[in-house]
Number of protein chains: 2
Amino acid sequence: MSRKNEHTRTRILKAALALLESGTAVRMSDIARAAGISRQALYLHFPNRADLLIAATRYLDEISDTDTKLAASRSARRGTERLDAYIEAWGNHIPEVYGVARALLAMRDSDAEAATAWTNRMAAMREGCEAAVWMLARDRDLNPRYGEDQATDLLWTLLSVRGWELLRLECGWSQEAYVAEMKVVARAVLLPPPGGRD
Amino acid sequence: MSRKNEHTRTRILKAALALLESGTAVRMSDIARAAGISRQALYLHFPNRADLLIAATRYLDEISDTDTKLAASRSARRGTERLDAYIEAWGNHIPEVYGVARALLAMRDSDAEAATAWTNRMAAMREGCEAAVWMLARDRDLNPRYGEDQATDLLWTLLSVRGWELLRLECGWSQEAYVAEMKVVARAVLLPPPGGRD
DNA sequence: TGTCAACTTGACATCGTGTCAAGTCAATTG
DNA sequence: CAATTGACTTGACACGATGTCAAGTTGACA
């Protein structure tokens with residue numbers, strides 16, 4: 001029945017997400033066990049591991065109201081405000097999706113589907129950067145050194161999951177420090193230099 | 001005989017490095033074929049894949065005179081000079097080691113040895129950042145907002161292989177642009193803001 | 001001539017993903 | 001009530017990659 005089917009499906013996704021949060025390697029059999037079904041039954045719901053992970057990502061977007069949080073930055077009037085709001089929203093979004101993002105990133109080399117899924121997500125994230133940069137440019141608050149594309153590239157790289165990983169996990173920064181410093185760094189890079197030097 | 005042994009060993013390492021440059025996945029059998037020996041013979045020279053990759057990294061350090069290039073930045077007198085020199089040296093070093101770095105990074109999750117090897121390399125690279133930051137601080141050229149540790153964390157993250165990967169490969173920046181912009185970005189972040197704002 | 005080191009071939013274990021076949025069990029439907 | 005259908009189970013198996021093991025071959029050197 002579709003009812004029970006859906007129920008099992010979300011149980012699988014929840015189990016997968018929970019396991020992925022732990023940071024250790026997660027096999028199909030682990031997910032099955034955690035979801036309380038047989039390994040083979042996973043394949044009744046998802047054709048392969050990549051699809052399962054991608055579905056888990058989407059499910060995560062649903063339950064944590066990703067769109068809403070990122071949309072909030074859209075109400076900003078000034079570019080600088082929007083930049084801050086976007087960094088705040090995205091920066092605090094990363095830890096929530098990091099588990100599944102990591103798994104997807106690891107599959108990238110071996111699985112074309114996983115690679116595409118990740119690329120799409122990063123393209124979506126880039127749009128947020130682009131919008132902030134555009135607004136900065138409109139306000140004449142963009143460092144004249146950079147075109148909008150180049151500035152977007154920089155911001156996009158600055159806010160990458162990998163960058164978060166390094167500062168937060170390798171360097172041991174707190175989440176608050178990460179967000180706060182990314183705001184400062186982004187401004188230092190993207191806004192025109194105050195003294196007119198450079 | 002040790003002579004021929006060494007010869008085969010370096011042939012393996014050269015073959016491995018050449019294959020890793022291509023960016024595609026590289027199996028033990030690929031390396032063996034490229035080196036002109038049987039797959040099993042690889043294990044006469046290296047106990048496992050991780051060790052082979054680590055040896056390849058070291059070999060690469062030898063043939064491209066890594067130490068010399070990075071040491072050049074040590075002759076700088078001022079912190080700002082040293083920062084530029086280090087970014088120049090490291091930034092141009094990344095593309096040379098990227099192939100093997102990528103393979104090592106991919107093994108990280110599954111192989112403790114690979115993880116340690118990578119961590120060590122990044123620790124060494126961090127020392128370069130630390131030295132540049134220290135010299136900036138000595139010259140009173142470090143943004144007062146940051147302690148030396150924090151500034152080192154930022155520079156280290158800024159110059160990460162992953163960051164290079166994003167700007168160079170995903171965004172399509174030229175190597176020259178990458179190095180040039182990293183210098184600008186590092187200065188914008190690490191030096192005191194010229195107008196005293198912020 | 002005999003030994004030894006470097007290498008070969010071929011078989012095999014292990015692990016994880018993914019597939020296939022046959023069967024259980026409960027709810028739905030004619 | 002009987003037949004069907006859908007969700008799931010168990011068990012076996014193929015595949016690709018790493019790594020191991022055993023039994024040769026080959027060439028150099030003593």
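The shown structure was predicted, so the numbers you read here are calculated from the model rather than taken from an experiment. First the proteins, then the strands, lettered A, B, ... as listed; each starts at 1.
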Go through [options] for me and flag the one nearest to the [X] side chain.
X	options	value
A:Arg49	D:dT18, C:dC20, C:dT17	C:dT17
A:Ile37	C:dG18, D:dG19, D:dT9	D:dT9
B:Ser38	C:dT8, D:dC8, D:dA12	C:dT8
B:Arg27	C:dG18, D:dT18, D:dC8	D:dT18
B:Gln40	D:dC21, C:dT17, D:dT18	D:dC21

(request) Would you please say whether a donor-acceptor pair under 3.5 Å links the side chains of B:Glu127 and B:Trp156? (result)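 No.
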
(message) Any donor-acceptor pair under 3.5 Å linking the side-chain atoms of B:Trp118 with those of B:Glu113?
(response)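 B:Glu113 vs B:Trp118: no donor-acceptor pair found between side chains.
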
To the nearest Å, how far apart are [X] [atom1] and [N] [atom2]?
X	N	atom1	atom2	result
B:Tyr43	C:dC7	OH	P	16 Å
A:Asp30	C:dT17	CG	P	8 Å
A:Asp111	D:dC15	CG	P	20 Å
A:Phe46	C:dT19	CZ	P	15 Å
A:Leu44	D:dT10	CG	P	13 Å
B:Asn48	D:dG19	CG	P	5 Å
B:Arg39	C:dC7	CZ	C1'	15 Å
A:Leu42	C:dG16	CG	P	15 Å

(message) Any carboxylate oxygen within less than 4.0 angstrom of a Lys/Arg side-chain nitrogen, looking at A:Arg27 and A:Asp30?
(response)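 Yes, charged N to carboxylate O under 4.0 Å.
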
(request) Let me know which of A:Glu21, A:Glu165, A:Arg168, A:His93 forms a side chain to side chain donor-acceptor pair (under 3.5 Å) with A:Tyr98. (result)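 Filter result, single survivor: A:Glu165.
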
(message) Side-chain N or O of A:Thr8 versus OP1/OP2 of D:dC8: is the shortest distance under 4.0 Å?
(response)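 For D:dC8, OP1 or OP2 has a side-chain N or O of A:Thr8 closer than 4.0 Å.
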
(request) Compare side-chain N and O positions of A:His45 against OP1 and OP2 of D:dA7 and report whether any pair is under 4.0 Å apart. (result)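 Checking A:His45 against D:dA7: no side-chain N or O falls below 4.0 Å of OP1 or OP2.
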
(message) I'd like to check B:Leu136 versus B:Glu148 (side-chain heavy atoms, cut-off strictly below 4.5 Å). Are they in contact?
(response)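 No, every pair of side-chain atoms sits at 4.5 Å or beyond.
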
